[in-house]
Amino acid sequence: AAGVIQSPRHLIKEKRETATLKCYPIPRHDTVYWYQQGPGQDPQFLISFYEKMQSDKGSIPDRFSAQQFSDYHSELNMSSLELGDSALYFCASSSSRGGAAGELFFGEGSRLTVL
Amino acid sequence: AQSVAQPEDQVNVAEGNPLTVKCTYSVSGNPYLFWYVQYPNRGLQFLLKYITGDNLVKGSYGFEAEFNKSQTSFHLKKPSALVSDSALYFCAVRGGFKTIFGAGTRLFVKA
């Protein structure tokens with residue numbers, strides 16, 4: 001079965017550079033979530049989109065932005081990168097047909113290293 | 001606001017013994033509770049969830065969880081642990097379009 005696809009899997013950037021992460025949800029999933037996981041930490045919710053509209057917002061820095069496109073893929077744009085942005089970034093998707101109790105399906109993550 | 005707490009950073013258990021990973025929750029309204037597992041450098045994988053109904057929920061890989069409303073707990077259990085169960089386990093609560101995770105509990109199963 002198709003899973004959530006994230007690219008790139010690894011990314012190395014310098015401070016103050018920009019980075020873009022992409023996420024392709026499971027087909028027919030209408031909701032996409034972005035999480036940031038630092039070393040040894042739990043995933044922190046950044047932002048979510050339902051049917052291409054932002055549905056909820058968490059601890060996403062102002063330097064970051066995201067959107068969901070007409071084909072339901074999503075991109076997380078990060079600017080003015082800081083050392084502290086180094087983390088694993090996960091995308092997850094779910095189907096609203098599961099109602100409010102739909103579980104999340106995670107991608108394998110994009111590891112961002114800021115030097 | 002929704003939140004979950006995992007009081008143990010680490011749980012050690014011998015292979016073949018039963019295991020329990022603890023989770024307590026705080027929600028307003030009906031709780032939608034989940035357990036996820038994460039292996040090194042991998043994404044989280046869904047194990048099981050509680051929505052309503054039977055308090056004992058069965059999930060993947062022989063895991064189960066017991067919902068206890070009076071104690072606001074949702075402990076993860078398995079009757080007989082395997083070495084391959086060693087991983088990071090996250091309890092989570094769903095509220096709207098946001099799923100909030102606990103701090104995680106690292107499970108070590110020793111052969």
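Since this is a predicted model, take the numbers as computed values, not measurements. Numbers restart at 1 for each chain; the letters A, B, ... are given by sequence-line order, proteins then strands. Worth knowing before you read on, the calculation uses all heavy atoms, side chains too, and leaves out hydrogens, waters and symmetry mates.
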Engineer: Has A:Lys52 got more than 12 heavy atoms of other residues, nucleotides or ligands less than 6.0 Å from its NZ?
Structural biologist: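 Yes, because the 6.0 Å sphere around NZ of A:Lys52 holds more than 12 heavy atoms from other groups.
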Engineer: Tell me, side chain or backbone of B:Tyr50 under 4.5 Å from chain A's heavy atoms, or both, or neither?
Structural biologist: neither
Engineer: Report which part of A:Glu108 has an atom under 4.5 Å of a heavy atom belonging to chain B: side chain, backbone, both, or neither.
Structural biologist: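 Both parts, heavy atoms under 4.5 Å.
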Engineer: Would you say A:Gln37 and B:Gln38 make side-chain contact, with heavy atoms under 4.5 Å?
Structural biologist: yes
Engineer: Under 6.0 Å from the OH atom of B:Tyr61, do we count more than 12 heavy atoms belonging to anything else shown?
Structural biologist: no
Engineer: Going only through I, L, V, M, F, W and Y residues with side-chain contacts under 4.5 Å, is there a path from B:Val4 to B:Phe74?
Structural biologist: yes
Engineer: If contact means a heavy atom pair closer than 4.5 Å, which residues of residues 100-111 of chain B contact chain A?
Structural biologist: B:Phe101, B:Gly102, B:Ala103
Engineer: Suppose a student defines contact as a heavy atom less than 4.5 Å from any heavy atom of chain B. Which residues in residues 8-22 of chain A would they list?
Structural biologist: A:Arg9
Engineer: Is the number of heavy atoms from other residues, nucleotides or ligands under 6.0 Å of A:Asp62 CG greater than 12?
Structural biologist: no
Engineer: Among the clusters formed by ILVMFWY side chains lying less than 4.5 Å apart, do A:Leu112 and A:Phe64 turn up in the same one?
Structural biologist: yes
Engineer: Please flag which part of A:Phe105 lies under 4.5 Å from any non-hydrogen atom of chain B: side chain, backbone, both or neither.
Structural biologist: neither
Engineer: For chain B, which of A:Pro43, A:Gly109, A:Gly40 has the most heavy-atom pairs under 4.5 Å?
Structural biologist: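 Among the listed options, the one with the most contacts to chain B is A:Pro43.
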Engineer: Measuring from atom CZ of B:Arg94 to atom CG of A:Leu104, what distance do you get when rounded to the nearest 0.5 angstrom?
Structural biologist: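 Between B:Arg94 CZ and A:Leu104 CG, I get 5.5 Å after rounding to 0.5 Å.
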Engineer: What's the separation between atom OG1 in B:Thr99 and atom CZ in A:Phe45, rounded to the nearest 0.5 Å?
Structural biologist: 8.0 Å
Engineer: Could you tell me which non-hydrogen atom of A:Lys57 sits nearest to which non-hydrogen atom of B:Lys98, and how far apart they are?
Structural biologist: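 The pair with the smallest heavy-atom distance is O-NZ, 3.9 Å.
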Engineer: Using heavy-atom distances under 4.5 Å, tell me whether A:Ser48 contacts chain B through its side chain, its backbone, both, or neither.
Structural biologist: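 The side chain, not the backbone.
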Engineer: Applying a criterion of heavy atom separation less than 4.5 Å, what residues of residues 77-85 of chain A form contacts with chain B?
Structural biologist: none
Engineer: Any chain of hydrophobic side-chain contacts (each under 4.5 Å) joining A:Val32 to A:Tyr35?
Structural biologist: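 Result: no, two separate clusters.
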Engineer: Using non-hydrogen atoms and a limit below 4.5 Å, what part of residues 39-48 of chain B faces chain A?
Structural biologist: B:Asn41, B:Arg42, B:Gly43, B:Leu44, B:Phe46
Engineer: Linking I/L/V/M/F/W/Y whenever their side-chain heavy atoms sit closer than 4.5 Å, directly or via other members, would B:Phe90 and B:Val21 fall into one cluster?
Structural biologist: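 Looking at the clustering, B:Val21 is in a separate group from B:Phe90.
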Engineer: Applying a strict under-4.5 Å side-chain criterion to I, L, V, M, F, W and Y, I'd like to know whether B:Leu19 and B:Tyr89 cluster together.
Structural biologist: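 In one cluster with B:Leu19: B:Tyr89, yes.
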